[in-house]
Amino acid sequence: MRTTLSVIKADVGSIGGHIVPSKAQMEAVEKYVRENGLDKGMILDFNISHTGDDIAILMSHTKGTGNEEIHKLAWDAFLAGTEVAKGQGLYGAGQDLLKDSFSGNVKGMGPAVAEFEFDERPNEPFLFFAADKTDPGAYNLPLFLAFADPMHNAGLMLSPSMKDGFKFVIMDVAYTEGDRVIELNAPEDMYDIAALLRDNQRFVVESIYSRSTGDIAAVVSTTRLHNIAGKYTGKDDPVMLVRVQGAFPATGEVLSPFNIGHYVAGFMRGSHTGPLMPVKRNSTISFFDGPPVVSCSAYCVHDGKLTEPADAFDHPYWDYIRNQISRKATEIRQQGFSGCAMLPYGELEYGGIVEKMKKLDGKFTVR
Ligand code: F6R
Ligand code: MG
Ligand code: MG
C-alpha cells in the first residue's frame with residue numbers, strides 16, 4: 001500500500017508564557033481532526049502531541065504530500081485550537097498562523113510541515129521528532145551522524161542493505177525565491193556535506209534517500225518563520241520523520257547522536273545558543289525559555305493505521321543524558337550575552353537591537 005505520513009505543527013498559544021499548550025486546546029485540535037478528518041475518511045489515522053508550546057498533528061493517509069485537503073484540515077484544526085487559546089486568554093494565541101486565510105498549502109504560512117509518501121513495507125517502523133525553541137538546522141548534525149558515520153551507525157559497516165550509503169538533499173534556507181537544493185551522496189561527498197551542514201542557519205537537510213533502494217528515509221520541515229514574517233514570530237521549532245530498520249538505520253542508530261546534546265540556535269527569545277535536550281513526549285519548557293528540546297515518538301504503520309506511540313526518550317539512559325545536558329545548559333548560560341552564548345547579529349530574533357545599534361552608531365566619534 002502507498003501511504004503518506006504528514007506531520008504539521010504550530011504554536012497557537014500556550015499557558016504561562018511560551019511553555020505548554022492547554023488541555024482544552026489539545027482536545028479542541030484532536031476533536032477537529034477526528035470529526036473532520038478521520039470520521040469523514042479523509043485520513044486513515046492520526047495522533048496529536050505537543051513538545052513545549054507546539055502542537056503536532058501526525059496523520060496517515062493516501063493523498064500524497066502537499067495535499068490541499070490535508071493541509072487545510074490541519075490549518076482549520078489549529079484555528080480551532082486558537083479559538084480555545086483566545087477564550088482561555090492563553091499567551092500567543094494563533095502565534096504561528098501568519099496569514100489571514102488558507103491558500104492551498106500551509107508551507108510559507110507559519111506551521112511547519114514534514115511529510116513523505118512510500119510503499120509500506122510489511123513492517124514499517126518510523127520515528128517522529130519534534131523540537132521546540134530551536135530551528136531546523138538542529139537536525140543537521142544528528143542526521144549526518146546517523147546516516148553517514150559508522151561511529152553511530154554500525155549498520156554502515158555491518159548491514160549489506162546500507163553498503164551504498166545515503167543521498168542527502170540539502171536546502172539553502174536563506175534563499176527565499178524558491179527551494180534552492182543540492183543533492184550529495186554519502187560516503188563519497190561526506191566532506192562536502194559536512195562543509196554545508198556546519199552552517200545550521202543557512203543549509204538544512206531537507207530529506208535523505210537510501211541509495212540501495214532509492215526509498216525515502218527522512219524528511220525535515222525546513223520553514224524559517226524569520227524569512228516568512230520578516231520579524232520575530234517565534235523560533236521555527238522543526239519536526240522530522242525518519243523511517244528505520246532494514247535498509248535504513250536502526251532506531252537506536254538514529255537516536256544515538258542525540259546523546260551529544262549539541263549546541264543549537266534558539267533558547268530564550270530565539271536568540272541564544274543552548275544544548276539540544278532529548279525529552280519525553282508532551283514535555284514542557286522551563287529554564288531560560290528552554291533549553292532547546294527534542295522529543296521522539298516511535299510508531300509502526302500498517303495499512304495506514306498507526307500503533308500507539310512508544311516514547312523513545314523515556315528511558316533511564318536518557319535521564320543520565322538529560323542531567324549531563326543540563327550541565328551544558330548551565331555552563332553556557334554562565335556567560336550570559338557574551339560571545340557564542342548569544343547568536344550573531346543576523347540571527348537575533350528581535351528587531352529591537354537594530355534600532356539600538358542605529359542610535360549608538362550616531363554617537364560614535366572617530367579620533
Ligand atoms: C523562544 C520563545 C521565548 C520568547 C520570550 C519572549 O522561541 O518563544 O523565549 O521569545 O518568552 O516572548 P514575547 O516576545 O512573546 O514576550
Ligand atoms: Mg510560543
Ligand atoms: Mg515553540
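Order of listing sets the numbers, starting from 1, for every ligand and every atom in it.
Side-chain atoms of Asp289 and His18 include no donor-acceptor pair closer than 3.5 Å. For Gln201 and Asp135, the side-chain atoms include at least one donor-acceptor pair closer than 3.5 Å. For the residue pair Ser295 and Arg281, no side-chain donor N or O sits within less than 3.5 Å of a side-chain acceptor on the partner. Side chains of Glu115 and Thr65: a donor-acceptor N/O pair is absent below 3.5 angstrom, by distance only. Side-chain contact check for Tyr91 and Asp53: no donor-acceptor pair (N or O, by modelled atom type) lies under 3.5 Å.
Considering the Mg ion (ligand 3) as centre, the angle to OD2 of Asp54 and to OD1 of Asp132 is 70° (10° rounding).
Taking 2.8 Å as the threshold, Asp11 does not count as a candidate ligand of the Mg ion (ligand 3), since none of its N, O or S atoms lies below it. Inclusion of Asp53 in the first shell of the Mg ion (ligand 2) is supported: an N, O or S atom falls under 2.8 Å.
Within the listing of ligand 1, atoms 1 (C), 7 (O) sit less than 4.0 angstrom from a heavy atom of Gly270. Close contacts of ligand 1 with Met268, meaning ligand atoms under 4.0 Å from a residue heavy atom, involve 9 (O).
Heavy atoms of His18 found under 4.0 angstrom from ligand 1 belong exclusively to the side chain.
Sorting the N, O or S atoms of Asp237 by how far they are from the Mg ion (ligand 3) puts OD2 first. When the Mg ion (ligand 2) is compared with the N/O/S atoms of His18, atom ND1 turns out nearest.
For the pair Tyr91 and ligand 1, the shortest N or O to N or O distance falls below 3.5 Å.
Between atom 3 (C) of ligand 1 and the options Ile19, Asp289, Ile285, Asp132, the minimum heavy-atom separation is to Asp289.
At a threshold of 4.0 Å, the pair Glu30-Arg34 counts as salt-bridged, since one of the basic side-chain nitrogens sits closer than that to a carboxylate oxygen. Salt-bridge annotation for Arg202 and Glu347: absent, with no side-chain N of the basic residue lying under 4.0 Å from a carboxylate O of the acidic one.
Heavy atoms of Gly92 stay at 4.0 angstrom or farther from ligand 1. Heavy atoms of Phe267 come nearer than 4.0 angstrom to ligand 1 in at least one pair.
Relative orientation of the Phe258 and Phe129 rings is parallel, given thresholds of 30° and 60° on the angle between their planes.
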